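The structure presented is a predicted model; accordingly, all values stated were derived computationally and were not measured. To find a chain, count down the sequence lines: A is the first, B the second, and so on, and within it residues start at 1.
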Amino acid sequence: MATLNLPKTFDSKAAEERWFQTWIELGYFTADPARPGKAFSIVIPPPNVTGQLHLGHALNVSLQDIIVRTRRMQGYNTLWLPGTDHAGIATQNAVEKDLAKEGKNRHQLGRDVFVERVWQWRETYGDRILNQLRRIGASCDWSRERFTLDPGLSRAVTKVFVDLYNKGLIYRAKRMINWCPRCETALSDLEVDHKDAQGNLWYIRYPFVDGSGAIMIATTRPETMLGDTAVAVNPSDERYREHVGKTVHLPLTGREIKIVADDVIDKEFGTGALKVTPGHDPVDFELGQRHGLEQISILDGTARMNANGGAYRGLSREEARKQVVRDLESAGLLEKVEPHSHKVGVCSRCDTVVEPMLSEQWFMRMREMADRAIKAVRDGDTTFHPKFWENTFFNWLENIHDWCISRQLWWGHRIPAYRCVRCDHLIVAAERPARCPECDGSDIVQDDDVLDTWFSSGLWPISTLGWPDDTPELRRYYPTSLLLTGFDIIFFWVARMMMFGLEFTDKVPFKDVYITPLVRDADGKKMTKSKGNVVDPLDLMDQYGADALRFTLAQLAAQGRDVILSHDRFAASRAFANKIWSAARFLMMNLDGAPEPTPPVEVAKLGLAERWILSRLDATIREVTRAIDEYEFNVAAMKLYQFIWHEFCDWYIELSKEPLKAGGARQAAARWVLVSVFDKMLRVLHPFMPFVSEEIWQVIRPYIDEPNLAKHLAVAKYPEPSATNPLSPEEETAMQHCIEATEAINSVRSFLGYPTGKRVRAIIKPFIPPPGAIVSDPKSDRELLSKEFETWQVYAS
RNA sequence: GGACGCAUAGCUCAGCCCGGUUAGAGCGCUUGCCUCACAUGCAAGAGGUCCCUGGUUCGAGUCCAGGUGCGUCCACCA
């Protein structure tokens with residue numbers, strides 16, 4: 001018997017540090033396009049460069065690592081490319097907040113100094129999140145780390161912009177856009193959240209110029225009336241039919257505006273008459289376009305009244321509203337005020353109420369690219385898992401609007417557009433032109449704006465592999481095999497990667513898309529900092545270990561919508577890791593120090609218990625492998641748990657005790673089965689619990705008889721399930737009877753107040769038929785069993 | 001206004017695509033055990049109208065239709 005030098009419990013922390021370090025040093029995760037093997041590639045969804053690890057990342061990375069490690073062990077040429085996103089507006093806001101602590105703002109610093117400061121910020125925090133991903137065990141090729149602002153990736157961004165401009169798909173236009181007055185930038189539709197707000201509906205009379213009374217409008221935003229250029233009614237509205245074409249005095253300004261008729265007006269809402277503000281409302285803007293109305297902007301970039309606001313100039317939106325209402329009231333034009341709940345658009349980054357503004361911005365035409373992305377998914381070039389997410393994808397793309405891609409920020413990819421100061425000629429080019437091609441002027445200035453951060457992340461699968469150059473990586477690993485991400489960025493990111501990928505490579509960027517559920521707290525609430533219900537994965541790893549975190553997340557990753565956290569689960573997974581550890585101790589106590597030879601007797605001649613556990617192992621390997629192929633992480637995790645704990649530990653280890661003591665051929669057979677099953681079991685488990693499995697595998701590795709045995713489990717061969725089940729139906733039945741008999745005996749003993757437990761399992765020894773003498777007659781089993789009962793009853797009395 | 005997801009044990013969830021033993025797991029609960037791998041453990045238990053109604057079927061937790069409740073996303077009702 002080998003001396004036992006294993007501690008009683010598994011030390012996760014030590015194992016995590018030791019093995020991750022080792023794997024990296026030995027270059028196990030480094031991809032080499034020149035090596036053979038079918039390619040398997042994933043690009044990581046790049047976390048925000050200054051972000052902090054949260055459970056969403058932990059889930060995402062754990063699942064990716066399970067697939068990647070499995071494929072690596074299966075012999076694929078595997079690339080998992082890591083990196084970070086500069087996260088334009090998010091990072092800029094974070095640094096601005098930091099500046100605010102010093103009582104400064106970015107304008108005081110100026111653009112260059114501010115951007116320098118963001119780079120410093122990135123130096124300080126940029127590695128944090130990646131180190132946190134490593135701690136989970138992410139087997140990325142860390143030598144290929146990329147950042148969206150890397151020179152190579154920036155070159156891809158510039159090329160795409162210039163090409164799309166030349167194709168006419170990127171253009172500059174004055175449109176109604178979403179403006180955040182705090183961030184002072186334009187936002188895309190996706191960056192606006194719609195929140196319920198309790199407001200009022202103000203009823204205001206606009207007097208007819210001819211003095212024949214007034215038309216009453218209802219509005220939620222009285223302050224914008226200063227920019228009104230019409231009143232609109234529905235053409236079929238009997239109440240107003242005769243007024244269409246008349247002119248009214250716009251209160252407080254006296255400006256004269258027309259009453260127009262338009263089908264978009266809802267007769268049921270308010271008074272059925274709408275004040276039209278084409279400068280500050282998207283519906284009104286469209287309406288204004290149809291009727292040739294003037295567009296008046298009354299707010300500046302910080303949402304204060306500008307010169308067009310007349311007497312209200314300098315007031316904030318809120319102040320102006322109060323003042324306007326007061327003035328209307330004193331003018332006797334305010335009919336009534338009703339409480340009114342409605343939705344208000346807010347900046348998804350800072351929660352400030354967004355202002356619809358008329359502004360000249362860069363846009364990307366989406367229709368054709370969207371259609372191509374839709375077709376690719378319909379044709380099955382890319383498949384979503386679960387499949388129902390395809391509906392969401394289609395729905396958005398079918399109704400897509402042009403994308404406002406310019407941002408009035410300082411942190412990001414500066415738009416490669418230049419203007420000649422002398423003749424105002426616009427030049428879009430990869431390099432700054434030395435002279436204006438129109439007037440030969442040399443005073444050329446670059447566009448101040450940067451691109452929406454999702455523009456560069458949309459190129460992530462191609463830019464990280466070296467595009468626009470024709471690199472070995474691009475040829476070998478593109479299209480990537482899988483994209484694994486959360487549903488919250490299907491529009492922001494997945495759809496854009498599809499469109500860009502198809503546009504520039506004529507190939508989809510990934511064959512499968514696995515959409516993870518959203519991680520929620522124990523009450524089913526979304527985790528947010530403001531709610532204070534954030535569970536920190538780092539704390540969980542401190543407490544339970546990285547393996548337990550990974551395993552638990554895999555178990556919870558059923559293909560629904562949400563993952564609801566339950567602390568007990570982590571504890572259970574930690575116990576599972578320890579259970580395996582403890583089983584390893586059992587093995588070490590029962591092996592004799594020499595490698596176990598290939599089966600001491602033919603497998604067919606092994607005892608029933610031995611053949612049973614081998615058959616269960618094969619079934620488990622088959623089921624786990626299939627589940628992973630179909631992204632059923634929870635199924636795979638459950639199968640492993642059931643097999644390891646309830647079949648291998650509960651039954652086979654108990655059943656092996658007797659032959660292990662018996663010595664001779666039976667002992668040799670049991671030893672071989674223990675090592676052989678444990679080895680394969682660890683290989684299948686490794687992608688889920690890489691640290692505990694590696695730690696244990698190293699302990700039993702000397703006993704494994706395999707030519708060219710890998711040095712580490714991380715690169716060991718994934719087991720192939722054998723094609724046939726070695727147990728006949730009769731043997732299955734016999735084994736089933738053994739299990740039932742034991743349970744029955746335990747039940748009787750428990751009822752009689754006797755100690756029950758694993759020792760009792762030795763009792764079933766007589767029920768285990770020796771090879772060649774299969775007990776298949778349930779009746780004789782029952783006889784044996786009732787004898788056993790009698791024995792215990794006698795013993796009891 | 002559209003669309004989607006979910007509803008199974010006290011709690012958190014599998015099972016449903018592909019209908020067929022006695023519907024499962026973890027945690028919690030009850031009872032008994034420090035038994036020589038493991039008390040992060042062992043053993044024995046209690047606990048279910050599989051949301052409702054109808055349909056298909058020899059047979060429905062599973063398939064179909066309708067409904068109820070909860071949740072989410074999209075959308076320019078001022």
Side-chain angles (χ1 to χ4, degrees), chain A residues 4 6 8-10 176 189-190 194 201-202 217-221 224 232 264-266 268-277 281-287 340 342-343 345 356 386-392 394-396 398-399 401 487-488 490-491 517-518 520 522 524-526 544 548 552 555-556 558-590 630 632 634-635 637-638 641-642 645-646 649-650 653-654 657 742-743 745-762:
Chain A
L4 182 68
L6 295 180
K8 245 184 156 183
T9 52
F10 170 57
M176 181 64 52
D189 295 342
L190 285 176
H194 297 276
L201 204 50
W202 283 271
I217 60 91
T219 181
T220 56
R221 298 198 60 192
T224 62
V264 298
I265 306 303
D266 179 0
E268 307 300 318
F269 188 90
T271 62
L274 169 76
K275 63 184 267 310
V276 184
T277 323
D281 185 283
V283 180
D284 296 11
F285 174 78
E286 297 288 329
L287 199 152
H340 179 69
H342 59 127
K343 296 251 191 203
K387 200 149 178 84
F388 64 76
W389 286 112
E390 289 179 3
N391 287 326
T392 308
F394 292 144
N395 195 267
W396 186 69
E398 278 158 7
N399 300 300
H401 298 298
F487 67 80
D488 50 333
I490 290 180
F491 307 145
L518 191 66
R520 296 173 180 279
K525 298 250 166 59
K526 194 171 172 176
Y544 304 107
T552 306
Q555 277 182 307
L556 292 173
Q559 305 203 355
R561 275 214 170 205
D562 302 335
V563 164
I564 295 184
L565 264 200
S566 153
H567 271 272
D568 297 334
R569 289 263 191 166
F570 294 105
S573 297
R574 181 184 51 187
F576 180 48
N578 207 56
K579 182 77 178 177
I580 303 165
W581 179 256
S582 143
R585 293 180 80 233
F586 174 80
L587 253 72
M588 295 315 293
M589 292 164 109
N590 288 285
E630 293 176 24
E632 293 173 5
N634 59 317
V635 173
M638 281 320 289
Y641 185 95
Q642 288 299 323
W645 199 310
H646 295 306
C649 291
D650 280 358
I653 283 189
E654 295 306 326
K657 286 178 178 172
T742 309
E743 283 170 355
I745 292 164
N746 262 323
S747 186
V748 171
R749 286 178 59 98
S750 180
F751 179 74
L752 294 175
Y754 277 98
T756 56
K758 53 195 164 183
R759 269 193 181 169
V760 173
R761 295 209 154 146

Separation between the P atoms of B/rG54 and B/rG47, rounded to whole Å: 28 Å
A/Tyr544 OH to B/rC27 C1', straight-line distance once rounded to whole Å: 12 Å
Check: B/rA14 base within 3.5 Å donor-acceptor of A/Glu632 side chain: no
Sugar-phosphate, base or nothing in reach of A/Ala218, heavy atoms under 4.0 Å: base
Span that lies between the P atom of B/rG19 and that of B/rG45, in whole angstrom: 33 Å
CD on A/Glu268 to CG on A/Asp266, rounded to 0.5 Å: 6.0 Å
A/Trp389 vs A/Ile490 side-chain heavy atoms within contact, under 4.5 Å: yes
A/Tyr641 and A/His646 aromatic ring geometry - parallel, tilted or perpendicular at 30°/60° bounds: perpendicular
Gap in Å between the two P atoms, one belonging to B/rG41 and one to B/rG28, rounded: 9 Å
Same-atom distance (C1') from B/rA7 to B/rA14, integer angstrom: 14 Å
Spacing between A/Gln642 atom CD and B/rG15 atom P, to the nearest angstrom: 14 Å
Pairing annotation in dot-bracket form, given for RNA chain B with Watson-Crick or G-U pairs under 3.5 Å and | for cross-strand partners: (((((((..((((......[...)))).(((((.......))))).....(((((..]....))))))))))))....
Pairwise P distance, B/rC63 and B/rG15 [rounded to whole Å]: 12 Å
Gap in Å between the two C1' atoms, one belonging to B/rA25 and one to B/rG48, rounded: 14 Å
Rounded interatomic separation in angstrom, taking CD1 from A/Ile265 and C1' from B/rA78: 8 Å
Donor-acceptor contact below 3.5 Å, side chain A/Thr552 vs main chain A/Ala548: yes
Euclidean distance, A/Lys657 NZ relative to A/Phe586 CZ, rounded to 0.5 Å: 5.5 Å
Selected nucleotide, minimal atom distance to A/Arg574 side chain, candidates B/rA78, B/rU40, B/rA37: B/rU40
Inter-residue atom distance A/Thr271.OG1 - A/Ile265.CD1, 0.5 Å rounding: 10.0 Å
Non-hydrogen atoms of A/Lys579 and A/Trp645 that approach each other most closely: CE-NE1, 3.5 Å
Sugar-phosphate only, base, or nothing, as touched by A/Trp645 at under 4.0 Å among non-hydrogen atoms: sugar-phosphate
Distances for protein N or O near nucleotides 74-77 of chain B N or O, under 3.5 Å:
residue: B/rC77; atom: O2; partner: A/Asp266; partner atom: OD2; Å: 2.6

Closest to the A/Lys8 side chain, choosing from B/rU12, B/rA39, B/rA78: B/rA39
Nearest to side-chain heavy atoms of A/Phe388, which nucleotide of B/rG26, B/rG5, B/rC38: B/rG5
Rounded distance in Å - NZ (A/Lys579) to P (B/rG41): 7 Å
For A/Glu654 against A/Asp650, the heavy-atom pair lying closest together: CG-O, 3.2 Å
Length of the CD-C1' vector between A/Glu630 and B/rC18, whole Å: 12 Å
Heavy-atom closest pair, residues A/Asn578 and A/Phe10: OD1-N, 2.9 Å
Sugar-phosphate only, base, or nothing, as touched by A/Ile653 at under 4.0 Å among non-hydrogen atoms: base
Heavy-atom side-chain contact between A/Thr224 and A/Lys275 under 4.5 Å: yes
Interatomic distance, A/Phe576 CZ vs B/rA25 P [rounded to whole Å]: 16 Å
A/Val264 side chain reached by A/Leu287 side chain, heavy atoms, under 4.5 Å: yes
Touch class at under 4.0 angstrom, heavy-atom based, for A/Thr9 against every strand present: base
Touch class at under 4.0 angstrom, heavy-atom based, for A/Glu268 against every strand present: nothing
Of the listed nucleotides B/rA78, B/rC4, B/rC38, the one nearest the side chain of A/Asn391: B/rC4
Separation of B/rU35 P from A/Phe586 CZ (nearest whole Å): 17 Å
Among B/rG26, B/rU40, B/rA37, the nucleotide that comes nearest once only the side chain of A/Tyr641 is considered: B/rG26
Whole-Å C1' distance, B/rU21 and B/rG26: 24 Å
Pairwise P distance for B/rC74 and B/rU8, with rounding to whole Å: 27 Å
Touch class at under 4.0 angstrom, heavy-atom based, for A/Ile490 against every strand present: nothing
Touch class at under 4.0 angstrom, heavy-atom based, for A/Ala572 against every strand present: sugar-phosphate
Nearest heavy atoms of A/Asn634 and A/Gln555, plus distance in Å: CB-O, 3.1 Å
A/Asn634 CG to B/rG26 C1', straight-line distance once rounded to whole Å: 13 Å
